[in-house]
Amino acid sequence: MSNNETPIRFGIIGCAEIARKISRAINLSPNSTLYALASRSIEKAHNFAIQNNLFSDSLKIYGNYSEILDDPFVDAVYMPLPTTFHLHWAILAAEKKKHLLLEKPTALNVEELDKILDVCDKNGVQFMDASMWYHHPRTVKMKEMILDSKLFGQVKAIHSSSSYAPGLEFLENNIRVKPDLDALGALGDAGWYCIGAILWAMNQTLPTTVTALPNVARNSAGVILTCSASLYWEKEETVATFYCSFIAHETMDLRVYGSNGTCYLYDFILPFGEDSASFNFTSGAKFVDLHIGWNVKPQVVEVTSQLPQEGYMIQEFASLVKAIKFSRSKPESKWPHTSRITQLVLDAVNKSIDTGFQPVHM
């Protein structure tokens with residue numbers, strides 16, 4: 001088998017619920033294969049493989065995380081561990097020269113993330129966080145249209161939301177509401193998407209100021225269940241807001257407002273379907289005479305998809321790993337940079353909350 005045909009061998013560290021989706025994506029992607037699976041016990045790893053139809057003659061099952069990192073045939077690892085454990089295990093993975101696909105939020109703060117990224121850089125390891133929506137062809141099409149100055153103009157305002165209400169069992173027992181496991185709560189889980197979408201629309205430019213809004217709700221352990229914030233870019237005169245929550249109805253909205261156009265979608269994190277995804281785009285809209293209507297209606301832009309978005313993510317990540325492994329390419333810096341500025345803004349929102357909703361200057 002030539003290097004071009006050799007699949008990247010993935011190991012999964014931790015049998016979280018999201019790992020079911022990613023294991024499927026690894027097997028759907030044409031340039032990757034699921035090679036190994038590790039959990040805290042061999043029984044849990046075996047059960048995960050059985051429940052998700054992953055067993056094969058070549059699949060390695062490990063009863064602890066260290067063993068999978070010691071396996072010389074594992075090229076890359078997907079790590080869906082609780083955020084508190086990221087620093088320790090991500091650094092160990094990078095030191096073993098395993099390319100790292102890390103679940104979001106990437107770390108409890110940017111200081112921790114910088115330690116992870118530093119070890120990745122020193123060991124020539126590709127880093128990417130597992131925000132799937134960046135990799136959907138719809139996202140590429142939206143950026144193409146937003147960047148068209150005649151069609152869209154300058155970005156003037158952005159709003160994003162990510163909310164869901166999973167119920168009492170989640171609010172009492174899920175790791176996302178446990179301060180010793182995922183202390184960032186809704187801000188880290190749902191807010192990561194919102195902040196990432198805003199920065200994506202602003203071409204990964206940090207805002208001038210970040211200000212949390214006083215609608216924060218916490219559980220009895222102090223973990224954030226709901227919050228929102230505003231971001232402001234002084235030079236561009238652009239403002240953005242977001243809302244994230246574990247106690248509100250399902251939303252995944254993204255709205256980008258330009259000086260000559262608007263872009264709306266309601267499912268930016270998880271498309272309504274796998275085969276295609278759409279967004280509404282309007283350019284040059286005006287009120288008609290007497291203000292009794294509009295001169296144009298929103299255009300529904302439909303983008304077809306050959307893979308689910310997580311499949312595209314795995315395919316892109318595996319392509320980068322393959323280039324490093326076989327062509328001596330350097331890791332792509334775009335993805336660690338994207339994660340780092342998202343973490344910086346998330347930290348600023350947290351700081352603003354802790355200081356009584358004071359603006360944080362970036």
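Nothing fancy with the numbering, it's 1 onward along the sequence. All values reported here derive from a predicted model rather than from experimental measurement.
Taking the six-membered ring for Trp, Phe246 and Tyr164 have ring centres closer than 6.0 Å. Aromatic ring centroids of Trp335 and Phe127 lie 6.0 Å or more apart.
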Item to check | Asp253 and Tyr243: CA distance, side-chain angles, deciding distance, side-chain hydrogen bond (donor to acceptor under 3.5 Å, both in side chains) verdict | outcome: CA-CA 10 Å; Asp253 295 353; Tyr243 171 78; over 6 Å; no
Next on the checklist: Evaluate Asp129 against Lys104 for salt bridge (Lys or Arg N to Asp or Glu O under 4.0 Å), listing each step before the verdict.
Outcome noted: CA-CA 6 Å; Asp129 79 59; Lys104 52 80 195 164; over 6 Å; no
Next on the checklist: Between Ser228 and Asn215, is the side-chain hydrogen bond (donor to acceptor under 3.5 Å, both in side chains) condition met? List the steps.
Outcome noted: CA-CA 7 Å; Ser228 56; Asn215 68 326; 2.7 Å; yes
Next on the checklist: Go through it in stages, so that I can follow the logic: the residues are Thr241 and His159, the test is side-chain hydrogen bond (donor to acceptor under 3.5 Å, both in side chains), and I'd like the CA-CA distance, side-chain angles, deciding distance and then a yes or no.
Outcome noted: CA-CA 5 Å; Thr241 57; His159 178 71; 2.8 Å; yes
Item to check | Test log, rule side-chain contact (heavy atoms from CB on, under 4.5 Å), inputs Ile116 and Thr106 | outcome: CA-CA 9 Å; Ile116 295 170; Thr106 52; 6.0 Å; no
Item to check | Check against salt bridge (Lys or Arg N to Asp or Glu O under 4.0 Å), Glu112 and Lys115 | outcome: CA-CA 5 Å; Glu112 286 193 1; Lys115 292 177 182 177; over 6 Å; no
Item to check | Residue pair Asp75, Lys98: steps toward the salt bridge (Lys or Arg N to Asp or Glu O under 4.0 Å) verdict | outcome: CA-CA 6 Å; Asp75 298 311; Lys98 308 301 185 189; over 6 Å; no
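More than 12 heavy atoms of other residues, nucleotides or ligands sit less than 6.0 Å from atom CD of Glu95. When the shell of 6.0 Å around CG of Asn295 is examined, it contains more than 12 heavy atoms from other residues, nucleotides or ligands.
Below 30°, between 30° and 60°, or above 60°: for Tyr35 and Phe73 the angle between ring planes is between 30° and 60°, a tilted geometry.
In terms of modelled atom types and a separation under 3.5 Å, the side chain of Ser163 and the main chain of Glu250 share no donor-acceptor contact.
Exactly one residue among Trp200, Tyr193, Trp192 makes a side chain to side chain donor-acceptor pair (under 3.5 Å) with Ser131. That residue is Trp192.
Considering only residues two or more places apart in sequence or on other chains, Asp354 meets the salt bridge (Lys or Arg N to Asp or Glu O under 4.0 Å) condition with Arg218.
Distance check, rounded to the nearest 0.5 Å: CD of Glu332 to OG1 of Thr338 gives 9.0 Å.
Under the 3.5 Å distance criterion, with hydrogens and angles disregarded, no donor-acceptor pair is assigned to the side chains of Ser276 and Ser305. Tyr134 and Glu316 share no side-chain donor-acceptor pair at under 3.5 Å.
Val239 is not connected to Val256 by any chain of hydrophobic side-chain contacts under 4.5 Å among Ile, Leu, Val, Met, Phe, Trp and Tyr, and they are in different clusters.
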